[in-house]
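Below is one structure, written out as structure tokens; comments come after it.
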Amino acid sequence: MLELTSEQISMGQAASDKPAALRLLADRLVADGLVAEGYLQGLMDREAQGSTYLGQGIAIPHGTPATRDQVFTTGVRLLQFPEGVDWGDGQRVYLAIGIAAKSDEHLRLLQLLTRALGETDLGEALRRAATPEALLKLLQGAPQALALDAQMVSLGLPVDDFEELVWRGARLLRQADCVHGGFAGIVQGLAPLPLGEGLWWLHSEQEVTRPGLAFVTPERPLTYQGQAVNGLFCLASLGEAHEALLERLCALLIAGRGEELFHAANSRAVLEVLGGDIPPDWPSARVTLANAHGLHARPAKELAQLAKGFEGEIQIRVMGSGEGPVSAKSLSRLLSLGARRGQVLELAAEPAIAEQALAMLVSAIEQGLGEAVEPLPVATPEQLDTPQPPNLQAPAPAAGSTLRAVSAAPGIAIGPAHVEAPVQFTYPARGESPALERQRLETAVSQVREDLQQLIAGGAAKSIRDIFTTHLEMLEDPDLIDEVSQRLQQGDSAAAAWVVVIDSAAARQESLGDALLAERAADLRDIGRRVLAQLCGVQAAQAPDEPYVLVMDEVGPSDVARLDPARVAGILTARGGATAHSAIVARALGIPAVVGASEAVLRIAPGTPLLLDGQRGTLIVAPQPEVLERARIERDQRAQRLAAAAQRRHEPALTADGHRVEVCANVGEAAAVSAAVEQGAEGIGLLRTELIFMAHSQAPDEATQEAEYRRVLDALAGRPLVVRTLDVGGDKPLPYWPIPSEENPFLGVRGIRLTLQRPELMETQLRALLRAGQGRPLRIMFPMVATVEEWRQGRDMLERLRQAHPVEDLQVGIMIEVPSAALLAPVLAREVDFFSVGTNDLTQYTLAMDRGHPTLSAQADGLHPAVLQLIDITVRAAHAHGKWVGVCGELAADPLAVPILVGLGVDELSVSARSIAEVKASVRELSLPDAQRLAQRALSAASAPEVRALVEKQ
Ligand code: PEP
Ligand code: MG
């Protein structure tokens, strides 16, 4: 987030003209590592498009969208020009604030600044400021006012106890951006202060971003510590903003008028008593902002100019922000809204001009205020009025047919199909009458409430009940109902009003960049669909009584609640790859799953018998009885095999003729090592150290890393550890390590390429490893090596550090993840101690198929003969020089791949801990000569399915 600090300010600068000032600014941004050299051009281009003069002697130069990729780190730098710089149009700039921003983070800065912009003579004061601190004080402007408006008041809440009331008060403050998420927990732990007349007070300064006061009352009488609870004030305290309010409140209570607050008919009455911001009772209209970078300077200027064309007051506010409305005619006030794409703006205008002004401004905002806008993913009533025809191109797969897709979670599932296809809801945009539409909405909401209560009472696990309880609470949210009611008054149909309100509330939560709130947004959409289905008379398909195969477009977060392994035998999805959410959920729950099977599966008739093989990634529709029987036998055999394998998990994996293959575990943290050893790991074959880095908010220092690596080695108790140096960049950046965005991150600066560019970071990691590894079997490998030079640079660095930190049992190797490394294996094998094949990346680079691609990843199969050829080259080269080869990609855990990898001569298989016992058992079923013959045949096969068929025939 952008904040202003005195270190960012350079005082007493001079520039002969605007280009010179921009150059100074760009130099400063470059020198401080915020942007690349080319950013100056972006600053100049932006000025050419329109002056960045803001008012009061301040300009805010920033780049164009085209130069965003030149920004390494979002930040600002401020230059004071006491002599002033001519910024064109007769404007003189005394302070230039250079912004380096990758997205719309600078809106926050504009919000901060606009508090100061209202002050008179700011420009002169900025010019005369003698120190950075004085300048900063001027920029911070007047102290923030206490946020207290209709959104901060919630009356008659259906709460069970005082704690819940506190939580609701804190939530209002959170929704208004007054506090961070931790505020609720803090006030829950404080002792509330009784004010008399059953009114209570709680406040905290912790986790507060701006001052705000919430007032909440319970629906029915409550008591707390034996005293009545009629209402609660919850204050986010910051500075002195609340003092005037507190005085007013005290006077009110002394006069015995507390009842006026908790018996108030509506929030307006409360605000009148407390002196909060009372919204004028003017006609209003709402519109969702679609501009990619929010209401930034240019569109805001356009809006202010349009508003100035009307003789009368026009106000605007961001719904759900908790901030009061501002004049639409003031550019600085518009910027202070900090409105982002997806947020709903409410415009209110004096009655005399309302009709014309609201229509014209809403239409201008919809059209982007002079910017080209991408439509929002929000269904407007008008769009939804015209039903979208379902895609009928792909017919349902025929009975007896076999479909191949992405294997996501192993196991065989047999059961009737329960299809949950996305439903197209159809409804009118305009309602018959507000009263009738309200009646419809109430009926639908109360039906959904009943359904949810039944689900909660239905004896599901606590985690599932919690999800439905949250849904129930969302359904009762008075703000939501309030917003819908307002739309009904404006003539919307119940369904149209409901859709718009739910979508904009969810979009608002998603746009806050908070993972937890984004999850809540998914829940909100879920509850939205339930009510909409009621309003449109769409019946949800009844799930079969027996265990079924759930067929869906994609499994979303809120669907997890329904994935009871006792009822859902298997999961089949139309979209998603092996790394999709659905796949991860299925694996975690142990439900066999096949994903990315195409839209055709959504048209399978409900109840059709399905046979799903999560291991092979296949689906058989309405299988013949004998096929089903075979599958049942296989399923039972697999269960028996797994049980037997678990019994022998601590024994080594020897083929029937005595050839040993080491089986190790892939882990990402020290805490997982003991469990892996317990599950039979003979060592760690891949420690993904980036997960350790990702668990910290900044790069862990040497001591922290050393301690973590020590914990790993301690838990291994003498077993070997293969560590991969930091593998980030490209698609998996570290938040505290800004990397310029790349057109094609998978082919960009990642893995060893990146760490070689930051040698101090790599050296710290290597030193920590060497220090922890003394007296233990330590193997270090470099990821994503594509050239011999990269390997040598990494090795030389390690050799240098090794002088000071000797480790007797140290081996140094590389991962084989890029085809060039496999093809160079004969050269590399002379120098490395070992290779570890990362088949996940090797497959994507060999086949040029993104490993997470939703439709291609089914074909990105590591058993493709082209990938096997590269593994073969690697193993031959290594063995010719007496070196060993491991495989640590997902392929190593694939039971059909184990015979081939063993047959190719791979010495070590490293897999996730839960696969160790099964992989060891697969090795024991082999004989080395048979596996070698099989591998040779696989090398000359034409495709991955052909290879799989070869293994299955064995
Ligand atoms: C691989 O690419 O196979 C591998 C093990 O590395 P990661 O999956 O972490 O990229
Ligand atoms: Mg990899």
Side-chain angles (χ1 to χ4, degrees), residues 406-408 577-580 583-584 587 663-669 672 676 681 683-695 721-734 745-755 765 779-786 790-791 794 813-822 825 834-853 857 860-864 866-868 870-871 874-875 885-894 897-898 900-901 904 906 908-913 915-916 919 944:
V406 184
S407 138
T579 55
I584 294 163
R587 274 197 294 269
V663 183
C664 296
N666 294 347
V667 296
E669 52 169 354
I684 297 300
L686 169 63
L687 173 64
R688 288 182 160 108
T689 57
E690 61 275 9
L691 300 182
I692 296 170
F693 276 67
M694 283 170 190
L721 165 65
V722 182
V723 187
R724 168 169 83 186
T725 58
L726 188 60
D727 182 19
V728 293
D731 63 319
K732 40 179 177 175
L734 279 177
F746 278 116
L747 302 182
V749 185
R750 58 174 301 208
I752 192 168
R753 287 179 196 164
L754 185 63
T755 44
Q765 181 174 38
R779 285 89 186 88
I780 296 177
M781 61 183 181
F782 304 118
M784 298 295 304
V785 171
E790 285 167 348
W791 145 250
I814 61 166
M815 290 194 72
I816 300 286
E817 297 179 283
V818 183
S820 62
F834 68 95
F835 291 126
S836 181
V837 186
T839 48
N840 305 338
D841 277 315
L842 187 61
T843 307
Q844 77 164 342
Y845 292 123
T846 305
L847 300 177
M849 286 174 185
D850 182 341
R851 63 197 258 187
H853 195 286
S857 56
D861 185 338
L863 276 184
H864 194 286
V867 180
L868 298 180
L870 293 172
I871 300 177
T874 306
V875 176
V885 179
V887 171
C888 62
E890 293 299 307
L891 192 68
D894 182 340
V898 172
I900 306 240
L901 296 175
L904 287 173
V906 168
E908 178 233 40
L909 298 170
S910 191
V911 298
S912 66
S915 301
I916 290 172
V919 169

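In listed order, ligands and their atoms are each counted from 1.
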At less than 4.0 angstrom from any non-hydrogen atom of [X], what atoms of ligand 1 do you find?
| X | value |
| --- | --- |
| Asp841 | 1 (C), 2 (O), 3 (O), 10 (O) |
| Leu686 | 5 (C) |
| Gly838 | 1 (C), 2 (O), 3 (O) |
| Arg688 | 4 (C), 5 (C), 6 (O), 7 (P), 8 (O), 9 (O) |

Exercise for the section: Could you see which bit of Met784 sits under 4.0 Å from ligand 1, with heavy atoms only: side chain, backbone, both or neither? Expected result: neither

Completion exercise
Tested for side chain to side chain contact (heavy atoms under 4.5 Å, CB included) against Leu687, the lone hit among Asn666, Val722, Thr725, Val723 is Val723

Should [X] and [Y] count as side-chain neighbours, where that means a heavy-atom distance under 4.5 Å?
| X | Y | result |
| --- | --- | --- |
| Leu847 | His864 | yes |
| Gln765 | Thr689 | yes |
| Leu842 | Pro819 | yes |
| Met784 | Arg750 | yes |

Exercise for the section: Flag the pair Glu669 and Arg688 as a salt bridge only when some basic side-chain nitrogen lies within less than 4.0 angstrom of an acidic carboxylate oxygen. Expected result: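 No.
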
Exercise for the section: Decide whether the shortest distance between a heavy atom of Arg724 and an atom of ligand 1 is less than 4.0 Å. Expected result: yes

Handout entry: the Mg ion (ligand 2) contact by Asp727, N, O or S atom under 2.8 Å
Key =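 Of the N, O and S atoms in Asp727, none lies under 2.8 Å from the Mg ion (ligand 2), which means no.
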
Exercise for the section: Describe, in one word, how the ring planes of Trp791 and Phe782 are oriented to each other, choosing from parallel (under 30°), tilted (30 to 60°) and perpendicular (over 60°). Expected result: tilted

Problem - Short N or O distance, Glu817 and ligand 1, threshold 3.5 Å exclusive - result: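 Yes.
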
Handout entry: Test of proximity, Glu690 against ligand 1: N or O pairs below 3.5 Å
Key =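 Between Glu690 and ligand 1 (N or O atoms, distance only) the closest approach is not under 3.5 Å.
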
Problem - N/O/S atom name from Glu817 that is nearest to the position of the Mg ion (ligand 2) - result: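 Answer by atom name: OE2.
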
Handout entry: Nearest to the Mg ion (ligand 2) - the N/O/S atom of Asp841, by atom name
Key = OD2

Problem - Whether Ser910 side chain and Ala665 backbone form a donor-acceptor pair below 3.5 Å - result: yes

